[in-house]
Amino acid sequence: MENDLVRQRRRKLEEWASQGHPRYPYAYADRTPVSRVREAAARLEPQGVDRSRHFRVAGRLSLLRRVGRNTFAPLRDASGVIQIHFQSESMGTEDYDRITGLLDGGDIVGVEGFASRSRTGEPSLLASSLELLSKALLPPPEKWHGIKDPEVRMRKRHVDLFTSEEALQRFAARSALTQALRMELARREFLEVETPVLGRVASGAAARPFLSRYHYLDEDFRLRISLELPLKRLLVGGFERVFEIGKVFRNEDMDSMHSPEFTLLELYWAYVDYEDVRKLVEDLLHHLSIRAQEILPGERTDTLVQSFTPPFRQVDFGEALERESGIPGILDLPVEELRALARKYGARITDTTPAGTCLDKLFGHFVEPKLMEPTFVYDHPASTTPLAKAHRSKPGRVERHELYYRGMELTNAYSELNDPEDQEQRFRTQAEAQGNEDTTYAYDADFVEALRYGMPPAGGLGIGLDRLWMILLGSESIKDVILFPPTRSK
RNA sequence: GGGUCCGUAGCUCAGUCCGGUAGAGCAAGCGGCUCUUAACCGCUUGGUCCAGGGUUCGAAUCCCUGCGGGCCCGCCA
């Protein structure tokens, strides 16, 4: 019974305290990363002990092997693992029994001792004294299998992390990649900014927002679904290169590629168009794939670097859709026919669904699954994209590209619409087409007004970072790259 | 939202088809062993079989409902 296990561990903690030790000490000074001690130990002969220098290390004990009058226990800190060797002979029988008798797998301890090597050559720290820094009252999972249940791994990510080296490395790698992205953008003189999460309208994308209550302002607010509109207002204000990395919230279902709360990068770059942004996307992804290769060397990342070596393939939205659907002129079909077609292929379509939505569905059905290698899809129908600028030479299209990889959308970019009258009209068309504010691009009056002051021509880019990290880290599910994915209450 | 599979000890899992006293390994406790590497050997403890209802002399097992999760499909840029 769990209570038994906990009771035993609690009893050991009390016994330790009764010997005059603090239950939960405040710090452990002068410690050395275990990787450093390991290096020192590795230089010794088997069974050698270097008594010229004391080391102090701290970390979590994973399991205890008691062999006669010796106890061996791997201790892990952020730098790695080293075996702690408790030896009756060198500690004294009394201390040895007292200390090893009170330890359990999972305890966080500080140990002082000498670098040494065991008879079998394992680099070790021969313990001379120990401080219990934090008792593990709950037992860790089984040492060999760890936690298998994906539900428990998400709900108790802290346990997943200290149990699974792979999980710890994956999230450390995510952090390193985020940092690499920030540094690369800084190098290109993009300024990082933060804009509000809570707003009166959630626009810039078509998704159902989360609702909240702003008591100070006595108004209902929404959580942002994109970063786009406030960032473009910064272009109006005079920023020429800005980006934001932040959470956005879409009140939709979750699956292996979607999370209701996800991390988005959006970037805006004045005086360039979507062609310049395409080159930036190629460079960024190539750069990040190389970083992934450095962090996680192996065949998988070698292949990634190859795949993400520019130039990437490009296909015209209309040409691709015509070719794969076998329907010439599909972009120009009347909306009724598009609805019927989209229905035929399983999409949920109403009598008011706009043409753009139908074309998106058909594209998703016919083309997306075939885009395995990095491929830019460009020049979408105008009706799909109300924030992009009309194409300079293709009527009915906008200047936009999305990068697909393994059938998944990774990036999305436009030549940004900066004509306030056109923008206002596009918002209105959206609102009329669906009549449902929650699943269409919401009209943002402040944004339209901002455009009337003049926004420079600009290229913009959005990247769903969780997906990008999935690709670069080799994860099959978005939940594997999100530390604490949302879960239902139990 | 639809389909499908799963939920048994702290952890990993048998047992369910074909109803009959709740099982193993790890962890834990006791004992043994002075160099182990998932240490080993002996003994022991540990259960809301996800929850509720039904069928039955008897349910972990069969049926229904609910909850949680995985996968596939649908939906959402």
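Throughout, protein chains are lettered first and strands after them, A, B, ... in sequence-line order, and every chain is numbered starting at 1. All values derive from a computational prediction rather than experimental measurement.
A salt bridge (Lys or Arg N to Asp or Glu O under 4.0 Å) check over residues 464-479 of chain A, counting only residues at least two apart or in different chains, returns the pairs Arg174(A)-Asp466(A). Each salt bridge (Lys or Arg N to Asp or Glu O under 4.0 Å) pair with one or both residues in residues 62-71 of chain A, not counting sequence neighbours, appears once here: Arg69(A)-Asp97(A). Within the structure, ring pair (Phe, Tyr, Trp, His ring centres under 6.0 Å) contacts touching residues 84-104 of chain A (residues at least two apart or in different chains) are Phe72(A)-His85(A). Within the structure, the side chain to side chain donor-acceptor pair (under 3.5 Å) test picks out the following pairs touching residues 33-45 of chain A (sequence neighbours left out): Ser35(A)-Ser79(A). Residues in residues 136-171 of chain A take part in no ring pair (Phe, Tyr, Trp, His ring centres under 6.0 Å) pair, two or more places apart or across chains.
Scanning residues 65-97 of chain A for heavy-atom distances under 4.0 Å to RNA chain B yields Arg65(A), Arg66(A), Val67(A), Gly68(A), Arg69(A), Asn70(A), Phe72(A), Gln83(A), His85(A), Gln87(A). RNA chain B lies under 4.0 Å from at least one heavy atom of each of the following residues of residues 463-487 of chain A: Arg467(A), Lys479(A).
Checked against G10(B), G68(B), U45(B), the side chain of Asp4(A) finds its nearest nucleotide in U45(B). The side chain of Ser118(A) lies closest to U36(B), out of A77(B), U36(B), A27(B). For Arg155(A), whose side chain is taken as the heavy atoms from C-beta onward, the closest listed nucleotide among G10(B), G69(B), U12(B) is G69(B).
For Lys143(A), a side-chain nitrogen or oxygen approaches OP1 or OP2 of A39(B) to under 4.0 Å.
The base of C11(B) does not come close enough to the side chain of Asp149(A) for any donor and acceptor atom to sit less than 3.5 Å apart.
Ring geometry for His391(A) against Tyr274(A) counts as perpendicular: the plane angle is over 60°, on a 0 to 90° scale with 30° as the lower cut.
C73(B) atom P lies 10 Å from atom CE of Met257(A), rounded to whole Å.
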Without placing hydrogens or testing angles, list every side-chain donor-acceptor pair under 3.5 Å for residues 102-110 of chain A, not counting sequence neighbours.
from: Asp104(A); atom 1: OD1; to: Lys12(A); atom 2: NZ; distance (Å): 2.7
from: Asp104(A); atom 1: OD2; to: Lys12(A); atom 2: NZ; distance (Å): 3.1
from: Asp104(A); atom 1: OD2; to: Lys135(A); atom 2: NZ; distance (Å): 2.8
from: Asp107(A); atom 1: OD1; to: Ala136(A); atom 2: N; distance (Å): 3.0
from: Asp107(A); atom 1: OD2; to: Asp104(A); atom 2: N; distance (Å): 2.8
from: Asp107(A); atom 1: OD2; to: Lys135(A); atom 2: NZ; distance (Å): 2.8

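Not counting sequence neighbours, the partners of Phe312(A) by the ring pair (Phe, Tyr, Trp, His ring centres under 6.0 Å) test are Phe308(A), Phe376(A).
Nearest-nucleotide positions on RNA chain B place Ser124(A) closer to the 5' end than the other of Ser124(A) and His365(A).
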